[in-house]
Amino acid sequence: MLISDFFISLGNYKKMGRLFHREVGDVIVYVACLVIVCSIGIVAIPTAVGGARASAGLMQVIPDFTVTQDGLTISEPFGFEYGGYRFKATNSESVSENEFENDISGVLMDRDKIIIKNFSQVMTFSYKEFDFDGNGYSLSKSDLPSLKNYFIAVLVVFGALMVIGTGFNYVMNGLFAALVASVICSFTRRNQPIGKLVKLSMYAKTLPLVISAFLSPFGIGIGSI
């Protein structure tokens, strides 16, 4: 049923009415599976490629630094831009996500916080959030070669958070579309139960998500899904 619903949602309008009769549980499973599969293109590939590009040659040029639960200390401001990816670390000024401009992905670090962008998703963390056991930590340039597995784990966690964010955006945009459809129906006196409109809007968001999944690895965004 998931596969048949998928092909109907791509634009088979003659059969779209069938989706009105799906149970709530069926809709939830459909959206979850769709988001997870499409996140390979939207999240997994861009995160892996971005991480590999950002780390290439970093040890040769990065200045001495120390990161603790209290913040970042770096001997001199450091940054680079490459192929739509941006990295910046400084403790002499405060960074903002506005600095990403048209960048595809990147990392910005200042004394108090770290900002990570992956296409349309932007997340901000304080250094204290990485003090998982409350005992404090310290990371310096000399520690980087031994932390390869840790960085991979961070990318996995970051990717999982991005998948959750993708799913949240999908649902919120679907609910908004259903609300707009409900208002339009009330004006045209063709009222439909809001539950049916929510179901239909969740399925109707399939095509934009699939297009985004195909285009994201090439650095082409289509805006909010």
Side-chain angles (χ1 to χ4, degrees), residues 1-54 83-86 97 100-106 116-123 152 155-185 192-225:
M1 186 172 66
L2 287 176
I3 295 177
S4 64
D5 287 353
F6 173 76
F7 284 107
I8 291 174
S9 300
L10 289 179
N12 190 340
Y13 301 109
K14 292 182 179 180
K15 297 182 179 180
M16 195 71 74
R18 298 182 184 180
L19 304 179
F20 279 129
H21 306 292
R22 297 293 187 249
E23 299 292 334
V24 173
D26 295 332
V27 179
I28 293 174
V29 171
Y30 176 84
V31 171
C33 292
L34 180 67
V35 168
I36 291 172
V37 172
C38 288
S39 290
I40 295 174
I42 297 174
V43 176
I45 294 176
T47 299
V49 173
R53 289 184 176 180
Y85 297 87
R86 178 186 297 268
E97 65 180 74
F100 284 122
E101 297 179 347
N102 297 321
D103 299 308
I104 299 171
S105 299
I116 302 173
K117 178 181 180 180
N118 191 34
F119 288 85
S120 61
Q121 306 280 344
V122 179
M123 302 184 71
I152 292 175
L155 284 176
V156 170
V157 172
F158 174 67
L161 292 174
M162 299 296 282
V163 171
I164 294 173
T166 299
F168 179 79
N169 287 339
Y170 185 98
V171 172
M172 289 298 101
N173 289 339
L175 292 175
F176 178 76
L179 180 60
V180 172
S182 179
V183 172
I184 293 174
C185 287
Q192 292 287 344
I194 187 64
K196 284 188 175 182
L197 294 176
V198 169
K199 291 179 184 179
L200 185 60
S201 66
M202 291 301 167
Y203 287 106
K205 298 292 292 180
T206 296
L207 184 58
L209 185 63
V210 171
I211 294 174
S212 181
F214 275 107
L215 297 183
S216 290
F218 301 100
I220 304 173
I222 62 170
S224 176
I225 57 171

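Just so you know, residue 1 is the first one in the sequence shown, and it goes up from there.
- Across every non-hydrogen atom of Lys205 and Pro208, the tightest pair is O-CD, 3.2 Å.
- Atom-to-atom distance recorded for Met123:CE and Glu97:CD is 12.0 Å, nearest 0.5 angstrom.
- Residues Tyr203 and Val27 share a closest heavy-atom pair of OH-CG2, 3.8 Å.
- Atoms CG and CE, from Asn173 and Met202 in turn, are 9.0 Å apart once rounded to the nearest 0.5 Å.
- Distance check: Ile194 CD1 to Lys199 NZ gives 12.0 Å after rounding to the nearest 0.5 Å.
- Within the 4.5 Å cutoff, the side chain of Val210 has heavy atoms near those of the Cys38 side chain.
- Thr206 is linked by a side-chain hydrogen bond (donor to acceptor under 3.5 Å, both in side chains) to Tyr30, counting only residues two or more places apart in sequence or in another chain.
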- Task: Check step by step if side chain to side chain contact (heavy atoms under 4.5 Å, CB included) holds for Asn169 and Gln121.
- Result: CA-CA 10 Å; Asn169 287 339; Gln121 306 280 344; 3.2 Å; yes

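- Looking at residues two or more places apart in sequence or on another chain, you find a side chain to side chain contact (heavy atoms under 4.5 Å, CB included) between Val163 and Val35, Ser39, Val43.
- To the nearest 0.5 Å, atom CG of residue Leu197 and atom CG of residue Leu175 are 11.5 Å apart.
- Formation of a donor-acceptor pair under 3.5 Å by the Lys117 side chain with backbone atoms of Asp103 is found in this model.
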- Message: Arg86 vs Ile104, test: side chain to side chain contact (heavy atoms under 4.5 Å, CB included). Steps then yes/no.
- Response: CA-CA 8 Å; Arg86 178 186 297 268; Ile104 299 171; over 6 Å; no

In residues 178-185, what donor-acceptor pairs under 3.5 Å come from side-chain atoms, sequence neighbours left out?
none

